[in-house]
Amino acid sequence: QVQLVESGGGLVQAGGSLRLSCAASGRTFSLYTVGWFRQAPGKEREFVSSIRWSSVNTYYADSVKGRFTISRENAKNTVYLQMNSLKPEDTAVYYCAAGRTVYRDSFSGEYDYWGQGTQVTVSS
């Protein structure tokens with residue numbers, strides 16, 4: 001069983017930065033693929049980024065590539081999402097998710113555990 005808690009969301013002006021954290025419980029968290037998804041009002045949840053257990057493989061949605069960076073500290077059971085050059089269209093609730101066996105990182109159905117989400121609002 002893995003429990004996930006996101007933090008770090010908030011209100012920021014366009015062009016600003018935020019760092020989201022996803023803290024996990026569970027001794028085997030380091031073996032999980034962790035993904036970040038987001039959901040804006042009236043829109044479907046969409047994939048943002050993911051990182052494999054080894055940190056060697058990371059993936060990004062085209063909309064955030066070059067602006068967001070995902071990383072993890074397995075010793076702290078924490079995954080981070082550094083978000084730079086934020087745009088108003090990045091406004092959403094951001095969720096982290098963990099899956100033991102993930103083949104398609106952008107597919108939310110492959111993740112077993114989800115956090116409660118953290119709100120990110122980017123003003124223009």
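What's counted below: heavy atoms across the whole structure, side chains too, no hydrogens, waters or symmetry copies.
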Least distance between heavy atoms, A40 atom then A92 atom: N-CB, 3.8 Å
Check: R45 side chain, S108 main-chain N or O, donor-acceptor pair, under 3.5 Å: no
S21 side, atom OG; L4 side, atom CG - distance, nearest 0.5 Å: 12.5 Å
All pairs passing disulfide (SG to SG under 2.5 Å) where residues 43-77 contributes a residue, at least two apart: none
Pairs meeting criterion disulfide (SG to SG under 2.5 Å) with involvement of residues 12-114, two or more places apart: C22-C96
Show the atom names and distances, to 0.1 Å, of all donor-acceptor pairs under 3.5 Å that link a side chain in residues 76-85 to residues at least two apart or in another chain.
from : atom 1 : to  : atom 2 : distance (Å)
N77  : ND2    : A24 : O      : 3.3
N77  : ND2    : G26 : O      : 3.1
T78  : OG1    : K76 : O      : 2.8
Y80  : OH     : E73 : OE2    : 3.0
Q82  : NE2    : N84 : OD1    : 2.9
N84  : OD1    : S17 : OG     : 2.9

Passing option when V122 is tested against L11, D90, L18 for side chain to side chain contact (heavy atoms under 4.5 Å, CB included): D90
side-chain contact (heavy atoms from CB on, under 4.5 Å) between V34 and W53, worked out: CA-CA 8 Å; V34 176; W53 68 271; over 6 Å; no
Side chains of Y111 and F37 in contact at under 4.5 Å (non-hydrogen atoms): yes
Derivation and outcome, side-chain contact (heavy atoms from CB on, under 4.5 Å), residues Y113 and Y32: CA-CA 10 Å; Y113 304 101; Y32 282 72; 3.8 Å; yes
Candidate pair D105 and S50, rule side-chain hydrogen bond (donor to acceptor under 3.5 Å, both in side chains), full reasoning: CA-CA 6 Å; D105 291 63; S50 64; 2.7 Å; yes
Main-chain N/O of Q116 paired with E6 side-chain donor or acceptor, under 3.5 Å: yes
Non-hydrogen atoms of S25 and V2 that approach each other most closely: O-CG1, 3.6 Å
Lys NZ or Arg CZ of R52 over Y59 ring: under 6.0 Å, within 45°: no
ILVMFWY cluster, L20 and F68 together (side-chain gap under 4.5 Å): yes
Derivation and outcome, side-chain contact (heavy atoms from CB on, under 4.5 Å), residues R67 and Y60: CA-CA 10 Å; R67 300 188 297 123; Y60 298 92; over 6 Å; no
Derivation of the side-chain contact (heavy atoms from CB on, under 4.5 Å) call for T91 and V120: CA-CA 5 Å; T91 295; V120 171; 5.8 Å; no
Co-membership, hydrophobic cluster, residues I51 and V48, 4.5 Å side-chain: yes
Heavy-atom donor-acceptor pair, E110 side chain to Y103 backbone, under 3.5 Å: yes
All salt bridge (charged side-chain N to carboxylate O under 4.0 Å, His left out) counterparts of K65, not counting sequence neighbours: D62
Residue list, salt bridge (charged side-chain N to carboxylate O under 4.0 Å, His left out) with E46, at least two apart or on another chain: R38
Atom of R72, atom of T33 and distance for their closest heavy-atom approach: NH1-CA, 4.5 Å
Aromatic ring pairing W114/Y95, orientation class (parallel under 30°, perpendicular over 60°, tilted between): perpendicular
Salt bridge (charged side-chain N to carboxylate O under 4.0 Å, His left out) contacts in which one or both residues fall within residues 111-123, not counting sequence neighbours: none
